[in-house]
Amino acid sequence: MYTHSEFSLIAPAKLNLFLHINGRRDDGYHELETLFTFLNYGDELHFKLSTDTHISISGDTNGIALTDNLIYKAALLLQTHCKVDMGAKINLTKRLPMGGGVGGGSSDAASTLLALNTLWNTALSLDELADLGLKLGADVPVFIKGKSAIAHGIGEQLEYLELPPKWYCVVFPNQHVSTAQIFTHPDLKRDTPKLSGDWQQQILTNDCEPLVKKLCPEVEKTLQWLLKYAPSKMTGTGSCCFVEFASQVQAQDVLANLPHTWQGFIASSVSTSPAHTELAAIIDK
Ligand SMILES: C[C@@](CO)(OP(=O)(O)O)[C@H](O)COP(=O)(O)OP(=O)(O)OC[C@H]1O[C@@H](n2ccc(N)nc2=O)[C@H](O)[C@@H]1O
Ligand SMILES: Nc1ncnc2c1ncn2[C@@H]1O[C@H](COP(=O)(O)OP(=O)(O)O)[C@@H](O)[C@H]1O
């Protein structure tokens, strides 16, 4: 039984190293194949147990109403599902750009479920938490499971794999892209055949990239600018773009030269989500 009453937990960024869209289901969701990796960089959440059932969020709420915040939705879902008679005071330090394709909202939700499952001693398994998380967003289960993976289905069927660690420079071109807008657009490419054979021998792209480049010229500019350094890609439905390197210095060099109109960060990839690594250390204390 976990007996401490407060701790902090990271909500890491993800990158989609490729994203193929294989079709559209009758409910509007898309069948995907996408490679998720986690970064050692993210939002910071602080959780403090309350003896009443109130759930509050302070810090960088960025104008999102309490009941719309995925952190609140996650906390309420777990509280209701497990009939918990405690609450939580949650503080958010936001570092991940919103609507940037690095999964900040989904990661915040997943870290909230992981943290409160510990703080409230609800003892749900990762499978049970992932099933709950899927109600909040297609990306939440991968953050709950916390292992780099190729996702199938709508993003919830996970095939785990180890990836060699790399350094990334991730650039946010100061434009937010709505996932729903991209997935409802008539021009989105939706007919990429499913992967067969060794995926590492195939051409792996992001099917959202051509459409987002057309809709957001700043994304096109960012991808072009990054090409000076390495092959550039967009993550998820955008708008963040990234380049991959073997060493930190190479990633740092790109960041040092970034035009002032954009924002960026560098981070290394990890096969296990840093939220899981941190939580294991907290529980062991
Ligand atoms: C595309 C991806 C790839 O990682 O990333 P983002 O760019 O958003 O981070 C995700 O699958 C996004 O996951 P998430 O952001 O949790 O999606 P949801 O909240 O469930 O859905 C947002 C919108 O996208 C659509 N959607 C989402 C996932 C999917 N496989 N098909 C869809 O058509 C939904 O219909 C909804 O209108
Ligand atoms: N805690 C949160 N952090 C970020 N976005 C949130 C949060 N709660 C709700 N949202 C909503 O979810 C939308 C998508 O956010 P985010 O996950 O950052 O984008 P993406 O899926 O492109 O990475 C935001 O535009 C915002 O309206």
Side-chain angles (χ1 to χ4, degrees), residues 11-39 42-45 55 57-77 90-113 130 133-144 148-158 170 172-173 175-186 188-190 192 206-209 211-212 216 219 233-242:
K14 57 85 176 163
L15 290 178
N16 300 93
L17 298 181
F18 69 83
L19 196 166
H20 293 171
I21 305 176
N22 313 118
R24 195 181 202 172
R25 301 192 322 196
D26 291 343
D27 63 3
Y29 268 81
H30 289 74
E31 290 279 339
L32 311 173
E33 281 180 326
T34 183
L35 176 53
F36 281 105
T37 192
F38 298 103
L39 298 183
D43 295 344
E44 179 86 22
L45 291 155
I55 295 161
I57 306 177
S58 57
D60 304 329
T61 50
N62 295 327
I64 301 173
L66 178 72
T67 50
D68 291 338
N69 200 311
L70 283 159
I71 298 171
Y72 179 82
K73 289 185 181 182
L76 188 65
L77 193 61
I90 306 169
N91 185 267
L92 169 65
T93 305
K94 193 84 195 153
R95 299 201 180 97
L96 301 176
M98 298 206 310
V102 290
S106 303
S107 188
D108 286 353
S111 286
T112 300
L113 289 172
L134 186 58
K135 296 180 203 273
L136 302 169
D139 259 4
V140 181
V142 74
F143 285 106
I144 294 283
S148 52
I150 296 186
H152 306 266
I154 63 162
E156 86 296 11
Q157 295 163 24
L158 303 171
V170 181
F172 176 59
Q175 283 203 339
H176 303 264
V177 174
S178 146
T179 302
Q181 186 202 350
I182 299 308
F183 276 125
T184 50
H185 202 285
L188 180 66
K189 178 171 165 40
R190 300 178 161 93
T192 298
N206 182 334
D207 285 340
C208 302
E209 211 178 282
L211 174 63
V212 178
C216 303
V219 169
K233 281 189 182 168
M234 192 184 81
T235 175
T237 53
S239 60
C240 285
C241 304
F242 62 93

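We count residues from 1, following the sequence as given. Note that this is a predicted model, so its numbers are computed, not measured. Atoms within a ligand are numbered from 1 in the order they appear, just like the ligands themselves.
- Side chain to side chain, Ser58 and Asn91 meet the donor-acceptor criterion of an N or O pair below 3.5 Å.
- Considering only non-hydrogen protein atoms, atom 19 (O) of ligand 1 sits nearest to Gly137 CA, 3.9 Å.
- Ion pairing between a basic and an acidic side chain is recognised when a charged N comes within 4.0 Å of a carboxylate O; Lys94 and Asp43 show such pairing.
- Taking only non-hydrogen atoms, the option from Tyr29, Phe143, Phe36 nearest to atom 29 (C) of ligand 1 is Tyr29.
- Within 6.0 Å of NZ in Lys189 there are more than 12 heavy atoms belonging to other residues, nucleotides or ligands.
- Taking the ring pair (Phe, Tyr, Trp, His ring centres under 6.0 Å) definition, one finds that His152 meets it with nothing, sequence neighbours left out.
- Heavy atoms of Phe183 found under 4.0 angstrom from ligand 1 belong exclusively to the side chain.
- Checking atom 13 (C) of ligand 2 against the protein gives no heavy-atom contact under 4.0 Å.
- Among protein heavy atoms, the minimum distance from atom 7 (C) of ligand 2 is reached at Ile64 CD1, 3.6 Å.
- Ligand 1 is never approached by Arg24 to a heavy-atom distance shorter than 4.0 Å.
- Nearest non-hydrogen protein atom to atom 15 (O) of ligand 2 is Gly99 N, 3.8 Å.
- Thr237 and Thr179 share a side-chain donor-acceptor pair at under 3.5 Å.
- Ligand 1 is never approached by Gly155 to a heavy-atom distance shorter than 4.0 Å.
- In summary, the side chains of His30 and Arg25 do not present any donor paired with an acceptor at a separation below 3.5 Å, with no hydrogens or angles considered.
- With a 4.0 Å cut-off on non-hydrogen atoms, Ala138 touches ligand 1 through its backbone as well as its side chain.
- Inclusion of Thr237 in the set of residues having an N or O under 3.5 Å from an N or O of ligand 2 is not warranted.
- Residue Leu32 places a heavy atom under 4.0 Å from ligand 1.
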Could you walk me through whether His185 and Phe183 pass ring pair (Phe, Tyr, Trp, His ring centres under 6.0 Å), step by step?
CA-CA 6 Å; His185 202 285; Phe183 276 125; over 10 Å; no

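- In this pair, His176 and Phe172 present their aromatic rings perpendicular. The plane angle is above 60°, beyond the 30 to 60° band.
- Within the 4.0 Å heavy-atom shell around ligand 2 one finds Lys94.
- Residue Gly100 places a heavy atom under 4.0 Å from ligand 2.
- Residue-level proximity to ligand 1 for Thr237 is carried by backbone and side chain together, each with a heavy atom below 4.0 angstrom.
- Scanning the protein for heavy atoms near atom 17 (O) of ligand 2, the closest one is Gly105 N, 2.8 Å.
- Among protein heavy atoms, the minimum distance from atom 20 (P) of ligand 2 is reached at Gly101 N, 3.5 Å.
- Annotation: Phe38 is in aromatic contact with Phe143 [ring centroid separation under 6.0 Å].
- Nearest protein heavy-atom contact of atom 23 (O) of ligand 2 is Gly103 N, 2.7 Å.
- Distances from atom 5 (O) of ligand 1 to the heavy atoms of Asp139, Asn206, Leu70 show the closest one on Asp139.
- Protein heavy atom nearest atom 5 (N) of ligand 2, with residue, atom name and distance: Met98 SD, 3.6 Å.
- Distance remark: protein heavy atom not present below 4.0 angstrom from atom 27 (O) of ligand 2.
- Of all the atoms in ligand 1, the ones that sit under 4.0 Å from a non-hydrogen atom of Gly28 are 33 (O).
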